[in-house]
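Down below is the structure, laid out as structure tokens.
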Amino acid sequence: MSFKLMDVNLVDQATITSSTENALFPLNNIKDTRRSKVFRSTTNSDSSVLDPHETSEIDTVFVVADKRSGFGVSTVTIEFNGTDSWGSPAFSVSVPFSVSFGIGYTEFTKINYRFARIVMTSTLGYCELSKVYIGKKLELTRGINFGWSQKDEELSQKQFNRYGQLFTDVIARQRAITFTMQNMDKVDLALVNSCIDRVGETKPLWFIIGCTEMIDDNRRISGPYILNDIPTIVNAYFNKYSLTMNTRELM
């Protein structure tokens with residue numbers, strides 16, 4: 001089974017500037033853990049430059065929409081360069097996203113650059129994004145038995161007025177996923193523990209779950225999740241560990 005884990009988002013540590021910015025929806029909102037906090041430009045095309053202040057390994061990009069209003073972009077391209085110069089970026093990748101699922105991602109061979117530029121287009125009179133992840137993934141491949149269970153939890157509150165009209169919340173469901181990892185050795189455990197130590201229960205972990213052989217479109221369940229609690233680790237046999245990770249979709 002394919003399972004990829006990410007925790008260090010270079011966007012969080014970056015200084016970011018945009019070509020245009022709506023003062024009510026500033027660019028720094030993409031650092032907020034709430035998906036309801038969005039960045040919005042003032043034109044149908046925008047480019048936002050991120051400087052994490054150091055050269056880093058990068059092989060994965062996510063873009064995330066607001067759960068209520070969805071994507072406010074038609075296309076998203078991420079460019080990378082060693083300097084803040086964009087006449088001819090060293091590397092460029094288009095990010096395919098699903099409007100239905102409100103998320104998109106792309107993976108590529110590992111690169112090393114300092115600067116990134118998010119290039120967006122739209123037909124709405126503005127460009128809007130909620131969250132962006134730029135960083136590298138951790139793949140656990142040492143014979144781990146890995147599984148997961150998914151549950152969509154109902155969030156909506158329904159009310160009727162005295163005329164019998166129904167009023168209900170726009171955001172109705174939140175996805176909860178429980179991950180189970182078994183047969184981990186101490187190296188695997190150290191890698192997972194380091195991710196959990198960095199994010200705790202307040203910052204998101206980013207997951208890519210499944211592959212085309214097991215799910216039609218794994219963007220349905222991949223993306224940013226918050227830990228409900230710190231997992232309990234069980235040492236069932238010598239140098240063989242297991243843990244269960246309860247997570248909730250970032251909202």
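Both backbone and side-chain heavy atoms feed into the values below; hydrogens, waters and symmetry mates do not.
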For Y126 and F25, I'd like to know if the aromatic rings sit close, meaning centre-to-centre distance below 6.0 Å.
no
Using the rule given for side-chain contact (heavy atoms from CB on, under 4.5 Å), can you reason through M120 versus F39, listing the C-alpha separation, both sets of side-chain angles and the distance that settles it, and then say yes or no?
CA-CA 12 Å; M120 296 166 276; F39 158 67; 3.6 Å; yes
I'd like to know if the side chain of D46 pairs up with that of S19 as donor and acceptor (distance under 3.5 Å, no hydrogens or angles considered).
yes
Residue pairs passing the side chain to side chain donor-acceptor pair (under 3.5 Å) test with at least one member in residues 192-210, sequence neighbours excluded, are D7-R198
Ignoring hydrogens, what is the shortest heavy-atom contact between N246 and D229? Give both atom names and the distance.
ND2-OD1, 4.0 Å
Pairing residues for T15 by the side-chain contact (heavy atoms from CB on, under 4.5 Å) criterion, not counting sequence neighbours:
H53
ILVMFWY cluster membership beyond L250 - transitive side-chain contacts under 4.5 angstrom:
I226
Output yes when a side-chain donor or acceptor of Y105 lies under 3.5 Å from a complementary backbone atom of F97, and no otherwise.
no
Mark yes or no for whether S98, through its side chain, and F101, through its backbone, hold a donor-acceptor pair below 3.5 Å.
yes
Check: T55/N112 side-chain N/O donor and acceptor closer than 3.5 Å:
no
Has the side chain of D51 got a donor or acceptor atom that lies under 3.5 Å from a matching backbone atom of A14?
no
Write down the atom of F108, the atom of I58, and the distance for their closest heavy-atom approach.
CE1-O, 3.6 Å
Compile the donor-acceptor pairs under 3.5 Å between side chains in residues 73-85 and protein atoms, sequence neighbours left out, one pair per line.
residue, atom, partner, partner atom, Å
T75, OG1, T121, OG1, 2.4
E79, OE1, R117, NE, 2.9
E79, OE1, R117, NH2, 2.8
N81, ND2, S85, O, 2.4
D84, OD1, W86, NE1, 2.7

Suppose we screen for side-chain contact (heavy atoms from CB on, under 4.5 Å). Which residues come up paired with D216, at least two apart in sequence or across chains?
none
Sequence neighbours left out, what passes salt bridge (Lys or Arg N to Asp or Glu O under 4.0 Å) with K137? Give chain and number order.
D59, E107
So which heavy atom on M181 is nearest to which on V192, and how close?
SD-CG2, 4.1 Å
Report the residues that fulfil salt bridge (Lys or Arg N to Asp or Glu O under 4.0 Å) with D217, sequence neighbours left out, ordered by chain and then residue number.
R219
Holding to side-chain contact (heavy atoms from CB on, under 4.5 Å), I want the full list of residues that pass it with S69, two or more places apart in sequence or in another chain.
D66, E128
Contact summary for I103 and F71, nearest pair of heavy atoms:
N-CE1, 3.5 Å
Minimal non-hydrogen separation, N218 against I209, with atom names
CB-O, 3.0 Å
So, using salt bridge (Lys or Arg N to Asp or Glu O under 4.0 Å) as the criterion, who are the partners of D32 when residues are at least two apart?
R34
Check the pair L205 / M245 against side-chain contact (heavy atoms from CB on, under 4.5 Å), numbers first and verdict last.
CA-CA 11 Å; L205 283 165; M245 191 182 297; 4.1 Å; yes
Mind checking side chain to side chain donor-acceptor pair (under 3.5 Å) for Q159 and listing every partner two or more places apart, or none if nothing turns up?
none
Grab the two heavy atoms, one from I134 and one from A116, that are nearest each other, plus how far apart they are.
CD1-CB, 4.0 Å
Determine yes or no for a side-chain-to-main-chain donor-acceptor pair under 3.5 angstrom, with K131 supplying the side chain and K37 the backbone.
yes
Under 3.5 Å, side chain of N235 to main-chain N/O of Y237, donor-acceptor pair present?
yes
Distance-only, no hydrogens or angles: does the T20 side chain make a donor-acceptor pair with backbone N or O of T42 under 3.5 Å?
yes
side-chain contact (heavy atoms from CB on, under 4.5 Å) between F207 and I177, worked out
CA-CA 11 Å; F207 299 111; I177 294 186; over 6 Å; no
For E249, give me all partners under salt bridge (Lys or Arg N to Asp or Glu O under 4.0 Å), at least two apart in sequence or on another chain.
R35, K67, R175
Begin with the C-alpha distance, continue with both residues' side-chain angles, and end with the deciding distance and a verdict on side-chain contact (heavy atoms from CB on, under 4.5 Å) for L155 and M251.
CA-CA 11 Å; L155 297 178; M251 298 292 279; 3.6 Å; yes
Going by the rule side-chain contact (heavy atoms from CB on, under 4.5 Å), which residues pair with S149 if we only count those two or more places apart in sequence or in a different chain?
T178
